[in-house]
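Notes to accompany the following structure.
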Amino acid sequence: MRRLMTKVLVSDPIDQAGIDILAQVAQVDQRVGLSEDDLKAMIGDYDALMIRSGTQVTADVIKAGARLRIIGRAGVGVDNVDVPTATQQGVLVVNSPEGNTIAAAEQALALMLSLSRHVPQAHASTMAGGWDRKKYVGNELYKKVLGVVGLGKIGSHVARVCNAMGMEVIAYDPFISADRAQQMQVRLSSLENLFEQADYITLHLPRTPDTENLVNAELLGKMKSTARLVNCARGGIIDESALADALTAGVIGGAALDVYAQEPLATDSPLRSVQERLILTPHLGASTTEAQENVAVDVAEQIRDVLLGLPARSAVNIPGLSAEIMERLKPHLQLAETLGLLVSQLSGGQLQELEVRLQGEFAQHPSQPLVIAALKGVLSSALGDRINYVNASLEAKGRGIRVLEVKDETSKDFAGGSLQLTTRGDQGGHSVTGAVFANGDLRITTIDEFPVNVSPSRHMLLTRHRDMPGIIGQLGSVLGEHNVNIASMQVGRRIVRGDAVMVLSIDDPIPPSLLVTIHAINGIKEAHPVTL
Ligand SMILES: NC(=O)C1=CN([C@@H]2O[C@H](COP(=O)(O)OP(=O)(O)OC[C@H]3O[C@@H](n4cnc5c(N)ncnc54)[C@H](O)[C@@H]3O)[C@@H](O)[C@H]2O)C=CC1
Ligand SMILES: O=C(O)C(=O)COP(=O)(O)O
């Protein structure tokens, strides 16, 4: 029997506030500690998956998720999710980009201070009956140089606090401008310089193929022998064996890690045998009550909204399509999708190119969402429900469809501007234009070179014919004979008795046998049934 209930699987510990939100729209099953095989076996029954860093969402898991629509990461890093596969499968990935910023920054600060004052070691020694005040003499952060690698949300907060503590802050981040850094009272530096000059180094960048083992033996060798390294970002950015060696050999002054290449940290990791100057915490950066409530609510709200058919505010795999843009451009996106559906049904054969032309005021809207919507429309006549905003660009690319984007602000055809889609393929091309009126109504305004003024409707018939007496009547009677009711009809032509288009809105789809009869009418050159 078909299951009607929407189901969400929560496979990591999530704050109850998030579970309560999900429960408003779905059955919520909490199953922490599943193996990949368990997850693969279960996921086919779920519409959404909510995780933290403890669940590996592999390509196989995503492919087994036949009903899966959204993966919600209650936190920042999505390196435990195979995002390219999710995109390919049309599964939305959302996260909480800001919910745990402060928690992670404060964990880095706690580790810097703990390293400087040997807090964990002094505590252990005191608990064991000792009173060693000499061994645990520390250092001050005041007037020291802090090197921040990755000056994003967390890195900037650490920089701000450390500035206030009287540190000199330098940073390496290839994607931050010198102006922005200056506003934060931070001097940009090269990575090598930063490792040479800093007394404290803190990492706040994502793990990507580019940043894997970025901090290797060579870079560690550039650090001052007193300098200390903190990593609350991601494991795998530091080469752990090289770090263990550098600590043991006294190449660097100390290190504190919250994250590891493999989690949980292996019992035989070389890090576990480093005796001195190393502090390890078990990925606690986001583990504050405040952060856990923030990320759980943020992500659960997004899952709930997406399950209700609404946009998500922090989608990782649909760039440029925030909830705010989706809301503001709703009719424009609808127009782009409708025109895409229309033009793809006019164009037979192999599609090679889609030109998206934003004219007049349309050119002032962000083009990327409109292009994605147009592609979704174009591809959905072939791929149906499988195509969505997540995978439309990727599917077009995979099919070798070239996308051209043109902005023409000078066009003055409609007050709100217009959008034109043109296809080119092995059987020639077609073009349609449309506009959004002030009341939000959509209008098709040209079909190929012919001006029309038609509201899109579910079933339509478009013909290309010779403008001559009697042809409209003949078509009308053929449709009537087959019990197809015409709701409206319009003809567009450029010259009298030349070529013309006819657009019929009809109440029912055209059966294939009727199409043959329509093609046989004298003067009809093309007839295209369209479903929008
Ligand atoms: N330990 C924990 O529990 C937590 C860890 N994190 C991790 O912290 C890291 C930073 O998070 P946010 O600040 O929120 O991210 P963000 O996206 O705001 O900042 C990351 C910064 O890294 C920079 N970056 C990228 N590649 C770089 C490279 N090759 N070299 C230098 N900089 C580079 C980016 O330009 C960006 O400014 C992420 O890896 C995230 O997963 C986040 C929260 C909690
Ligand atoms: O948000 C992040 O990137 C984190 O690393 C936090 O991980 P967690 O949710 O605590 O497993």
Side-chain angles (χ1 to χ4, degrees), residues 1-14 18-19 21-23 25-96 207-209 234 236 262-264 295-296 299-300 302-312 314-318 376 379-380 382-399:
M1 206 176 72
R2 214 174 114 69
R3 174 173 67 72
L4 294 173
M5 184 66 168
T6 304
K7 288 176 80 175
V8 182
L9 178 63
V10 176
S11 61
D12 279 315
I14 298 291
I19 307 292
I21 291 169
L22 295 175
V25 294
Q27 175 185 321
V28 185
D29 294 341
Q30 295 183 69
R31 296 286 302 274
V32 173
L34 295 171
S35 69
E36 188 185 341
D37 282 343
D38 291 340
L39 190 55
K40 256 181 1 202
M42 295 177 67
I43 195 72
D45 207 24
Y46 289 92
D47 303 274
L49 173 66
M50 187 162 180
I51 56 159
R52 282 174 58 195
S53 62
T55 304
Q56 292 301 316
V57 190
T58 60
D60 284 352
V61 168
I62 296 168
K63 285 179 185 162
R67 318 172 48 97
L68 196 60
R69 284 158 61 191
I70 175 167
I71 299 167
R73 192 319 187 194
V76 179
V78 288
D79 44 321
N80 51 326
V81 179
D82 189 329
V83 178
T85 301
T87 305
Q88 207 175 42
Q89 300 293 116
V91 177
L92 188 64
V93 180
V94 302
N95 70 350
S96 175
R207 177 183 175 165
T208 65
R234 270 297 172 274
Q262 200 196 327
E263 295 183 5
V295 295
V299 170
Q302 296 187 66
I303 294 178
R304 178 198 61 195
D305 289 355
V306 168
L307 293 177
L308 293 174
L310 301 167
S314 308
V316 172
N317 55 352
I318 36 176
K376 176 175 182 268
L379 293 172
S380 55
L383 298 173
D385 285 353
R386 216 174 69 59
I387 200 83
N388 59 24
Y389 281 101
V390 177
N391 59 7
S393 300
L394 197 78
E395 289 285 347
K397 211 168 166 190
R399 284 169 170 68

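For clarity, every value in this text was computed on a predicted model and none was experimentally measured.
- Between the side chain of Gln302 and the backbone N or O of Asn95, at least one donor-acceptor pair lies under 3.5 Å.
- Side chain of Asn391 to backbone of Leu394: no donor-acceptor contact under 3.5 angstrom is found.
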> Would Asp82 and Val57 count as a side-chain contact (heavy atoms from CB on, under 4.5 Å) if you check the C-alpha gap in whole Å, the side-chain angles of each, and the deciding distance to 0.1 Å?
Replying inline: CA-CA 6 Å; Asp82 189 329; Val57 190; over 6 Å; no
Exercise. Evaluate the salt bridge (Lys or Arg N to Asp or Glu O under 4.0 Å) criterion for residues Asp60 and Lys63: first the C-alpha distance (whole Å), next the side-chain angles of each, then the deciding distance (0.1 Å), finally the verdict.
Key: CA-CA 5 Å; Asp60 284 352; Lys63 285 179 185 162; 5.5 Å; no
Yes or no on salt bridge (Lys or Arg N to Asp or Glu O under 4.0 Å) for Arg67 and Asp47, after CA distance, side-chain angles and deciding distance? CA-CA 5 Å; Arg67 318 172 48 97; Asp47 303 274; 3.2 Å; yes
Exercise for the section: With side chain to side chain donor-acceptor pair (under 3.5 Å) as the test, would you mind laying out the steps for Glu36 and Thr58 before giving the verdict? Expected result: CA-CA 8 Å; Glu36 188 185 341; Thr58 60; 2.7 Å; yes
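- Counting only distance, with no hydrogens or angles, the side chain of Asn317 and the backbone of Val93 share a donor-acceptor pair below 3.5 Å.
- Although no hydrogens or angles enter the test, the distance criterion places no donor-acceptor pair under 3.5 Å between the side chain of Arg69 and the main chain of Ala48.
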- Going through the distances and angles, do Ile71 and Leu68 end up as a side-chain contact (heavy atoms from CB on, under 4.5 Å)? CA-CA 8 Å; Ile71 299 167; Leu68 196 60; 4.1 Å; yes
Evaluate the side-chain contact (heavy atoms from CB on, under 4.5 Å) criterion for residues Asp45 and Asp29: first the C-alpha distance (whole Å), next the side-chain angles of each, then the deciding distance (0.1 Å), finally the verdict. CA-CA 11 Å; Asp45 207 24; Asp29 294 341; over 6 Å; no
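- The shortest heavy-atom contact between Ala296 and Ile14 is CB-CG2, 3.7 Å.
- Side-chain atoms of Ser11 and Val32, non-hydrogen and from C-beta on, never get closer than 4.5 Å to each other.
- Looking only at distances, a side-chain donor or acceptor of Arg73 sits under 3.5 Å from a matching main-chain atom of Gly77.
- At distances below 3.5 Å, at least one donor-acceptor pair connects side-chain atoms of Asp12 with backbone N or O atoms of Thr55.
- Of all the heavy atoms in Ala312 and Val94, the pair that sits closest is CB-CG1, 3.7 Å.
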- Query: Yes or no on side-chain contact (heavy atoms from CB on, under 4.5 Å) for Val10 and Leu22, after CA distance, side-chain angles and deciding distance?
  - Reply: CA-CA 10 Å; Val10 176; Leu22 295 175; 3.9 Å; yes
